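Just so it is clear, the model here is predicted, and its values are computed rather than measured.
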Amino acid sequence: MSKWKLVAVACLMAILCGCVMRMQQTMSQDEENLIVVGFSQVGAESEWRVTNTESIKSALSEENGYVLIFEDARQEQENQIRAIRSFIQQDVDYIVFSPKVETGWKTVLQEAKDAGIPVIMIDRDVEEESRKLLTAYIGSDFYKEGKKAVVWLEDFLEKQGRTEEPLRIVHIQGTIGSSAQIGRTRAMEEAVARHPNWELVAQECGDFTRAKTYEVMSGILEKTKDIDVVYCENDGEALGAIDAMEEAGLKCDPEDGVIVISFDATRLALQYCLEGKIALNVECNPLQGPYVDEVIKRLERGETIEREIYVEETQFDYLTITQEMIDSRKY
Ligand code: AHR
């Protein structure tokens, strides 16, 4: 090889090396710029929960500037506490979590605060003293959801001229101690206390699942079939209760059978609403990922944030729902 060819090859090699080094530098800079978030989810007990997980995962994606460490607690609070501690050890930039129940978080949240890691809680609430340790809360007002259901029922009975008749109610509760259960239960119990002719003939836990509610409802139906209303604290429970009632020969029909009330407004349950099997479905909005992304991005820019954000929610009843409404929904 001539002297000039050798010089040319050497130059080319130098340029290539420079490019590779620059690429490596940019890649590691990009990686360093990613925001690391640890997310502890309650589990996968319902359609709602699965949608909520997907919403967080797609909002906190790598393309959107994040590294997401996801932990499914499989319905155990201990697993959530362990996950939060491991996020603290890994020194993540933010912790996001959806608490299974309202109590028992103070110590671990204090540990996160002491480590200087902001905690954003989603979906369910915690008791007051733990709330103070959070950077932000994004979720639902479950008591308000329950009140919407009760007000609808009161109006419906009035229109039917049934306000004075005895009303026998089966109440299927969600995971006991979760704020979704506490708020929705409180609204129904207050309504029962207000109406002397309303009676809770059964109040049992369906754990927010179709399978458990089918079992529980089948047991209730062995004792009585004299039921006017079944108030279920989520869609999975409503579907399980309807399965059991139809098997036992009961008709789920607000005008000529049992009035079924549900929460969440997921697609399948809304289809049941269109058929009239579910009379009312109060929405609980699981699409909380974009709200979390917005809060984190604002904090990153040093902007002030709202400490409590309640997601937008509506309601659907069998009288006004249409197929177009269901088709246009995201979940
Ligand atoms: O906390 C939200 C509730 O939890 C939803 O209503 C229910 O479906 C879920 O499992």
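In the model, E164 has no side-chain atom that pairs as donor or acceptor with a side-chain atom of N197 under 3.5 Å. Of the N and O atoms on the side chains of Q323 and Q271, at least one donor lies less than 3.5 Å from an acceptor on the other residue. Between the side chains of E154 and H195, a donor-acceptor pair is found at a separation under 3.5 Å. A donor atom on one side chain and an acceptor atom on the other are found under 3.5 Å apart for T185 and Q181. A donor-acceptor contact closer than 3.5 angstrom links the side chains of E247 and Y214. Using modelled atom types and a 3.5 Å distance limit, the side chains of D317 and W152 yield a donor-acceptor pair.
Under the rule for a side chain to side chain donor-acceptor pair (under 3.5 Å), the partners of Q90 that lie at least two apart in sequence or sit in another chain are S86. In terms of the side-chain contact (heavy atoms from CB on, under 4.5 Å) criterion, residue partners of D226 (sequence neighbours excluded) are, by chain and number, R168, T224. Residues meeting the ring-ring contact (aromatic ring centres under 6.0 Å, His included) test with F87, sequence neighbours left out: none.
Chaining together hydrophobic side chains whose heavy atoms lie under 4.5 Å apart places I321 alongside L270, L274, F316, M325, I326. Chaining together hydrophobic side chains whose heavy atoms lie under 4.5 Å apart places M217 alongside V170, I172, V201, V216, I220, L221, I227, V230, L239, I242, M245, L250, V258, V260, L268, Y272, I278.
Summarising the geometry, atom CG belonging to D207 is positioned 11.0 Å from atom CD belonging to E233; distances are rounded to the nearest 0.5 Å. Note: E283 CD to T266 OG1 = 10.0 Å, rounded to the nearest 0.5 Å.
E303 CD: more than 12 foreign heavy atoms inside a 6.0 Å radius. Within 6.0 Å of atom CZ in R307, more than 12 heavy atoms from other residues, nucleotides or ligands are found, so the atom counts as buried in its surroundings. Annotation for K297: atom NZ counts as buried by contact number, over 12 foreign heavy atoms lying within 6.0 Å. Counting heavy atoms of neighbouring residues, nucleotides and ligands inside a 6.0 Å radius, atom CD of E47 does not exceed 12 of them.
For the side-chain hydrogen bond (donor to acceptor under 3.5 Å, both in side chains) with N281, the qualifying choice from D235, D264, T314 is D235, the only one to do so.
Side-chain atoms of N285 come within 3.5 Å of backbone atoms of E312 as a donor-acceptor pair (strictly under, hydrogens ignored). With R329 contributing its side chain and R267 its backbone, the two residues share no donor-acceptor pair below 3.5 Å.
Inter-residue side-chain proximity for I259 and L157 is flagged as met; some heavy-atom pair is nearer than 4.5 Å. With a 4.5 Å cut-off on side-chain heavy atoms, I122 and N52 count as touching.
With hydrophobic clusters built from ILVMFWY side chains whose heavy atoms lie under 4.5 angstrom apart, F156 does not share a cluster with V151. Taking hydrophobic clusters as Ile, Leu, Val, Met, Phe, Trp and Tyr residues chained together by side-chain heavy-atom distances below 4.5 Å, Y310 does not share a cluster with I182.
Taking the six-membered ring for Trp and thresholds of 30 and 60 degrees, Y231 and F263 have ring planes more than 60 degrees apart, a perpendicular arrangement.
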Could you pull out every donor-acceptor pair under 3.5 Å between side chains of residues 101-109 and any protein atom, sequence neighbours left out?
{"from": "W105", "atom 1": "NE1", "to": "V101", "atom 2": "O", "distance (Å)": "2.8"}
{"from": "W105", "atom 1": "NE1", "to": "T103", "atom 2": "O", "distance (Å)": "3.4"}

